[in-house]
Amino acid sequence: MSTAGTQAPLTSPPATVRIIASPQSWVEGEAVRQLEAVARLPGMRHAVGLPDLHPGKGAPVGAAFTSEGILYPYLVGSDIGCGMGLWDVGMLARKAKAERWAAKLDVEGTWSGDAEGFLAEEGVKASGFEAALGTVGGGNHFAEVQRVDAVHDAEGFAALGLAADRLLLLVHSGSRGLGEAILRAHVDRHAAGGLLEDSDDARAYLTRHDHAVAWARANRALVARRVLDGIGAPARRVLDVCHNSVTPRRDAGGTRWLHRKGAAPSDEGPVVIPGSRGALSYLVVPLGDGTGSAYSLAHGAGRKWTRTAARERMKERFTAESLTRTPFKSHVVCENKDLLFEEAPPAYKPIDRVVTDLVEAGLVRVVATLAPVLTYKTRSREE
DNA sequence: ATGTGC
């Protein structure tokens, strides 16, 4: 094993496949088939499905993959750098004006400030997509003002500088059109094929990928700033993690390419695992050495219903107006009706089960649960 | 997912 040649990685034994989900966490068969198909790609070593595993476009979402000698941009997908940022808001929860904020908060369209200057402060170069910097995007993206529901680990909670009576802001967004353009340029040349790690194409992709990851992080920071300007409060970034990326990582066997597709890192400190807009989010601390889970965790609840099914089922049972409030009495800003139905809470799996699976697998400790106060999706009727 | 595809 000490003399692995350059050809060895692509012809060695099949990857291991592990799905970290209890029988109570229902996982769609198609998602499992997708995971197994990815595991058969040349150079693949480990394929890990997390408890929010669900089918994606070709490759599953809620999964992490490690490979040797070759990397696969299409496994990361088009929203390179997508992730979650959490801010500690300098305002008491009892001072929240959710109804007033829901009526007027507007984070739509190009930011009126100096986007390139903002990027420079974040240490990120401009990309040409700055018209979208500071916008939430579509799909499952959101900005959510939250309150602390319960503290389960007072020491861990205090260590993050948090206080139980203060608001928080969670932002889930990505690299908007930038990542999409990067993947499209790759797919035009290589389709779903991988890139040999020592190739010029791999180096070029990784340079653009790393830029999109940094730009996406800055995007979340600007979304947070726009929301905070809207509610008139200061804030401090507590954490920011990316769940769509490919990064080199050394482990016992040598350098591996760690692909995360809807999988939060377990090696970068605490993360937030959100449920639907009508459910709690979990602030957790990763446990263990990460080797059995590809250094990854679930990134959210995961869809239970397709968007099409969710639209049909929810329209039969609920009015759009009723979906702008949740069982937590929180407010939802989503003026696009299709998106309002697609993202309704029943379209997602129960987040408590997803997190319990992670706890039972020894992968996380729960620090606190966070409840929604105001979920901002979009003010626009289109998109 | 997408300054979105026919």
Side-chain angles (χ1 to χ4, degrees), chain A residues 31 34 38 52-64 72-85 106-113 115-116 119 126-143 171-188 191-192 205 208-209 211-220 222-223 226 241-246 259-264 274 276-277 299-303 305-308 310-311 334 336-343 347-348 376-383:
Chain A
Q34 289 182 346
V38 170
D52 57 338
L53 184 70
H54 60 281
K57 191 180 167 188
V61 182
Y72 292 90
Y74 97 101
L75 293 182
V76 178
S78 61
D79 197 2
I80 302 163
C82 188
M84 304 275 176
D106 193 338
V107 191
E108 227 56 44
T110 301
W111 185 46
S112 58
E116 293 198 17
L119 280 176
S127 68
F129 289 84
E130 278 63 46
L133 192 75
T135 59
V136 172
N140 58 358
H141 290 174
F142 62 81
V171 177
H172 176 198
S173 187
S175 56
R176 310 293 278 111
L178 173 59
E180 197 274 338
I182 294 168
L183 182 68
R184 185 154 26 79
H186 164 78
V187 167
D188 284 349
Y205 170 79
R208 302 188 75 192
H209 162 283
H211 179 218
V213 168
W215 195 96
R217 180 181 165 95
N219 183 46
R220 288 186 287 276
L222 186 52
V223 168
R226 294 177 81 179
V241 293
C242 166
H243 54 229
N244 287 350
S245 65
V246 56
H259 306 70
R260 292 188 175 110
K261 176 58 174 177
S276 71
R277 69 191 184 213
H299 80 313
R303 288 198 81 82
W305 297 343
T306 65
R307 292 185 177 278
T308 307
R311 275 199 305 275
C334 185
N336 176 331
K337 285 202 176 136
D338 279 344
L339 189 60
L340 184 68
F341 289 115
E342 290 169 13
E343 293 289 310
Y348 283 86
Y376 184 97
K377 297 286 288 181
T378 180
R379 199 95 258 169
S380 163
R381 282 156 202 280
E382 291 156 31
E383 172 118 16

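In this text, all values refer to a predicted model and were calculated from it rather than measured experimentally.
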Over how many whole Å does the gap from [X] atom [atom1] to [N] atom [atom2] extend?
X	N	atom1	atom2	result
Leu133(A)	dG3(B)	CG	C1'	13 Å
Glu342(A)	dT2(B)	CD	P	13 Å
His186(A)	dT2(B)	NE2	C1'	17 Å
Leu339(A)	dT2(B)	CG	C1'	14 Å
Asn336(A)	dT4(B)	CG	P	15 Å
Glu180(A)	dT4(B)	CD	C1'	7 Å
Asp338(A)	dT2(B)	CG	P	16 Å
His141(A)	dT4(B)	NE2	C1'	14 Å

Review point. What residues, two or more places apart in sequence or in another chain, satisfy side-chain contact (heavy atoms from CB on, under 4.5 Å) together with Arg217(A)?
Key: Arg220(A), Arg237(A), Asp240(A)
Check your understanding: Heavy atoms under 4.0 Å, any strand shown: does Gly177(A) hit a base, just sugar-phosphate, or nothing?
Key -> sugar-phosphate
Practice item. Mind checking Gly174(A) for me? I need base, sugar-phosphate or nothing, with any heavy atom below 4.0 Å counting as a touch. Key: nothing
Check your understanding: Given side chains that start at C-beta, do those of Glu130(A) and Trp215(A) come closer than 4.5 Å, heavy atoms only?
Key -> yes
Practice item. Kindly say if Arg176(A) contacts the phosphate of dG3(B), meaning a side-chain N or O under 4.0 Å from OP1 or OP2. Key: yes
Study note, to complete from the structure: Interatomic distance, CD@Glu343(A) vs OG@Ser276(A), rounded to 0.5 Å, equals 9.0 Å
Please set out all donor-acceptor pairs under 3.5 angstrom arising from side-chain atoms of residues 54-63 of chain A, sequence neighbours excluded.
unit_1   : atom_1 : unit_2   : atom_2 : d
His54(A) : ND1    : Asp52(A) : O      : 2.8

